[in-house]
Engineer: 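Take this structure first; my questions come after.
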Amino acid sequence: MKKSKLNIIKHPIFLIFSSLLLLIGALLVASLSQAVSLALYIVALLAVGHPVMLDALRGILRKDLLDEKLLMCIASIGAMCIGEYTEAVAVMIFYSVGEYFEERAVKKARASIRSLMEICPDTATVLTDGEEVEMDAEDVETGATLLLRVGDRVPLDCRIVSGASDVDTSALTGESALRSVAVGDTLDSGTVIVSGVLTAEALRPAEESAAARILALVENATENKSKEESFITRFARWYTPLVVGAAALLAFLPPILRLAPLSECVHRALLFLVVSCPCALVISVPMAFFGGIGGAARIGVLFKGGNVFSPLAKSTHFVFDKTGTLTTGEFSLKEIRALHASPDAILELAAAAEFGSNHPVARAIRAAAKCTLTATDVKELAGKGIIAQIEGKTVAVGNKRLMQSCGIEASSLCEGATSVLVAENGTLLGEILLSDTVKPEAGDALSSLRSLGVKHLSMLTGDGENAARACAESLSLDGFSHSLRPEDKYAALQALLSNKENKVAYVGDGINDSPSLALADVGIAMGSGGTDSAIEASDVVIMSANLSRLPSAIRIARKTLRIAKENIVFALAVKLGILVLGAFGLVGMWWGVFADVGVAVIAILNSMRTLTSKCK
Amino acid sequence: MKLKFSITGLDCPNCAAKLSAMLEKEEGIDSAKINFLTEKVTVETALAESDALALVRATAAKFSKSVVIE
């Protein structure tokens with residue numbers, strides 16, 4: 001980092017010196033003798049051009065005759081030979097200035113993309129024998145005790161040992177929502193402590209922690225090339241030899257045919273050499289994707305490669321998993337159907353019986369009831385429910401199978417995946433219906449997808465028909481399949497993919513979803529807390545599991561692709577235009593410099609637009 | 001073994017492609033990949049880390065003086 005600046009610092013001095021000499025030469029052109037002005041120009045050329053010439057020599061040594069620096073030198077020295085002194089020096093000056101700006105632009109682009117990803121501190125405060133020690137995050141060993149204060153970023157994944165706090169995970173998820181944490185909770189690296197003081201036990205080394213894994217994912221993403229990038233790389237391989245070949249033809253063919261004088265043709269051909277560097281082309285496209293990946297990371301959307309943008313942008317079908325993807329995975333009370341007791345009494349009995357259970361259904365019932373009763377002699381029957389003694393009575397809370405084993409006829413009641421029956425001393429009191437809550441943003445997110453041109457939205461779920469239908473209807477999905485095993489989901493997706501017109505995105509979060517995520521044209525994993533295998537199998541990860549990120553991701557993908565294409569067309573059009581104009585002698589060599597570095601700078605700046613993604 | 005070094009001072013991705021081709025021709029380096037945007041060079045090699053670093057540096061020096069590898 002530090003040393004590469006040398007290049008830039010050295011340039012201005014030589015540049016100014018050289019430009020002055022050029023100016024003197026131009027002003028005094030009449031009064032100076034031929035020899036003196038030639039010497040003046042040679043010194044000026046060497047002053048500004050020596051770094052380029054040295055690199056050109058290295059090019060010759062490694063037998064790379066198409067080295068851009070070498071071609072630049074040939075162009076410049078060639079111009080001297082045919083007496084175009086001013087142009088020779090000016091081209092070298094412009095080239096150096098242009099390179100300087102190109103380097104600046106690249107640096108700036110890199111820095112702004114990186115700043116989006118600076119989510120983890122380099123140092124950690126470790127408590128050793130009661131003493132605070134500041135050390136490199138990389139040197140902290142698993143099991144060490146970390147001290148975390150207000151404003152700190154968590155350096156490595158850890159588990160809280162003492163204290164309680166509010167934390168902000170926005171660096172990881174792109175979503176600024178505070179979360180309360182206490183002893184026993186785990187913290188991902190990159191999380192910011194908003195209040196309180198914590199001590200925590202390091203669970204993983206820094207390089208395996210959440211923030212580092214995300215960074216690695218994003219950095220590796222630039223290596224998965226998009227179609228556009230591969231095209232431009234292939235093109236670049238042919239471009240230089242083609243242009244140099246054209247230059248040779250242009251220089252020597254017309255004079256041989258006696259159509260034009262040699263010096264004029266050579267002069268025009270030299271412009272070709274200046275334009276022959278494919279850099280503007282080669283840099284503009286990957287830069288656009290790099291920017292897109294960085295901009296998306298900022299709002300918690302991780303693209304696993306440049307190759308993901310196009311399939312996502314073109315998705316026609318979105319297939320969703322239900323629980324955890326379309327719904328929060330948390331249940332809420334929907335209805336109580338009372339037969340022989342008041343609804344409140346039924347709920348209270350159920351809550352008391354389920355007191356010790358950590359099942360999502362039990363939690364939902366407890367949350368809805370005010371619990372004053374205590375249950376004793378609680379027996380949990382796996383896959384059925386609970387039987388307990390409450391105030392001297394035997395209470396059964398569970399599904400139809402539990403009722404049957406108690407000898408209670410329950411077939412007359414409505415059944416769904418999430419119905420809980422409550423009986424007391426052998427009499428059915430009633431039924432509690434629960435629904436899995438649809439995520440609050442789901443409706444808006446799905447209608448945004450439709451307005452972006454997604455034709456078909458559907459759901460594949462392992463849940464029963466009633467629960468699936470309720471969810472599908474509330475979101476006006478185009479279709480759903482229920483009671484599916486993972487392999488059924490896979491088969492359903494295969495059927496959809498068998499029509500090549502369909503570009504299918506699959507959105508899911510569980511281990512069950514991994515095969516489907518891998519199979520779909522685009523697999524989108526919901527949630528950083530999602531299972532590793534789901535994240536591994538997917539092409540895009542939505543860190544926050546927020547559905548509204550899906551339309552954002554499509555918009556980013558489309559914008560990035562558009563900018564990449566703009567860059568390709570712009571760079572090619574300018575280069576070609578200047579080559580044609582130059583061939584007819586209509587533009588001078590400095591236009592060649594513009595077509596090279598000028599276009600590169602403009603393309604890089606254009607690429608940076610991918611960073612400003614709207615976060616709706 | 002895969003080794004990763006930082007590489008700065010390259011002018012453009014085209015130069016990066018040329019340098020990685022040069023690296024791959026070196027004895028002891030099985031594959032070399034330069035990511036111009038993230039400024040990382042990844043080499044697959046049986047050499048020890050210090051030897052690999054020296055080799056990459058020497059090769060880069062043949063390419064351009066301004067390239068720095070760390």
Side-chain angles (χ1 to χ4, degrees), chain A residues 1-8 10 51-52 54-56 58-59 61-62 64 66-69 99 102-103 106-107 109-110 113-114 117 215-216 218-223 229 232-233 236-237 239-240 277-291 293-294 306 596-597 600 607, chain B:
Chain A
M1 255 310 183
K2 286 150 246 153
K3 285 187 203 159
S4 64
K5 278 188 187 149
L6 250 176
N7 238 358
I8 300 173
K10 213 162 57 182
V52 181
L54 286 176
D55 277 351
R58 289 194 180 86
L61 285 179
R62 55 168 205 270
D64 181 4
L66 293 178
D67 180 75
E68 56 153 318
K69 303 259 165 75
E99 286 273 281
E102 187 178 328
E103 203 178 323
V106 170
K107 273 213 168 118
R110 279 196 190 117
I113 294 166
R114 282 207 184 123
M117 299 192 267
L215 276 184
V218 172
E219 289 218 331
N220 291 337
T222 57
E223 274 155 33
E229 284 170 273
I232 215 74
T233 321
R237 240 175 265 148
Y239 176 80
T240 307
C277 175
C279 273
L281 291 171
V282 183
I283 197 167
S284 59
V285 180
M287 196 53 111
F289 284 99
F290 191 29
I293 289 167
D596 180 17
V597 286
S607 300
Chain B
M1 193 172 44
K2 257 191 188 171
L3 296 174
K4 213 171 208 183
F5 305 114
S6 92
I7 179 165
T8 51
L10 278 170
D11 282 338
C12 75
N14 203 36
C15 313
K18 282 183 181 175
L19 180 55
S20 61
M22 279 169 69
L23 283 171
E24 287 191 338
K25 282 195 196 119
E26 292 294 329
E27 188 98 9
I29 292 181
D30 299 329
S31 82
K33 222 192 232 173
I34 297 178
N35 190 330
F36 177 71
L37 295 175
T38 54
E39 301 189 294
K40 294 271 159 62
V41 52
T42 315
V43 288
E44 223 165 307
T45 175
L47 298 174
E49 181 157 355
S50 56
D51 294 340
L53 181 59
L55 181 56
V56 173
R57 278 196 178 139
T59 313
K62 279 189 240 161
F63 187 77
S64 170
K65 208 176 63 178
S66 52
V67 179
V68 179
I69 292 154
E70 277 161 330

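Letters A, B, ... mirror the listed sequences (proteins, then strands); counts begin at 1.
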Engineer: Do you know the tightest heavy-atom contact between K18(B) and E68(A)?
Structural biologist: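 Closest pair (atom of K18(B), atom of E68(A), distance): NZ-N, 4.1 Å.
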Engineer: List in chain and number order the residues that pass side chain to side chain contact (heavy atoms under 4.5 Å, CB included) with K2(B), two or more places apart in sequence or in another chain; answer none if no residue qualifies.
Structural biologist: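 K2(B) satisfies side chain to side chain contact (heavy atoms under 4.5 Å, CB included) with T42(B), E44(B) only.
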Engineer: For L61(A), which atoms come within 4.5 Å of any heavy atom of chain B: side chain, backbone, both, or neither?
Structural biologist: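 Interface part for L61(A): neither.
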Engineer: Which atoms of A16(B) are under 4.5 Å from chain A, going by heavy atoms: the side chain, the backbone, both sets, or neither?
Structural biologist: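 Neither part.
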Engineer: Would you mind checking which part of E102(A) comes under 4.5 Å of any heavy atom in chain B, side chain (CB onward), backbone (N, CA, C, O), both or neither?
Structural biologist: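 Contact with chain B involves the side chain of E102(A) alone.
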Engineer: Between K4(B) and chain A, which part of the residue has a heavy atom less than 4.5 Å away: side chain, backbone, both or neither?
Structural biologist: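 The side chain, not the backbone.
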Engineer: Given heavy-atom pairs under 4.5 angstrom as the criterion, report whether the side chain, backbone, both or neither of L66(A) touches chain B.
Structural biologist: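 L66(A) touches chain B through backbone heavy atoms alone.
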Engineer: Tell me whether R110(A) contacts the main-chain N or O of F36(B) through its side chain, where contact means a donor paired with an acceptor under 3.5 Å.
Structural biologist: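 Present.
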Engineer: Just wondering, more than 12 heavy atoms not from K40(B) lying within 6.0 Å of its NZ?
Structural biologist: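 Yes - once you tally the heavy atoms of other residues, nucleotides and ligands closer than 6.0 Å, there are more than 12.
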Engineer: Quick check for you: among P278(A), G59(A), A236(A), which has the greatest number of heavy-atom pairs under 4.5 Å with chain B?
Structural biologist: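 Winner by heavy-atom pair count: P278(A).
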Engineer: Taking it one step at a time, do F290(A) and T38(B) satisfy side chain to side chain contact (heavy atoms under 4.5 Å, CB included)?
Structural biologist: CA-CA 9 Å; F290(A) 191 29; T38(B) 54; 3.9 Å; yes
Engineer: My understanding is that only residues two or more places apart in sequence, or in another chain, count here; which of them pass salt bridge (charged side-chain N to carboxylate O under 4.0 Å, His left out) with R62(A)?
Structural biologist: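 So R62(A) forms a salt bridge (charged side-chain N to carboxylate O under 4.0 Å, His left out) with D64(A), D67(A).
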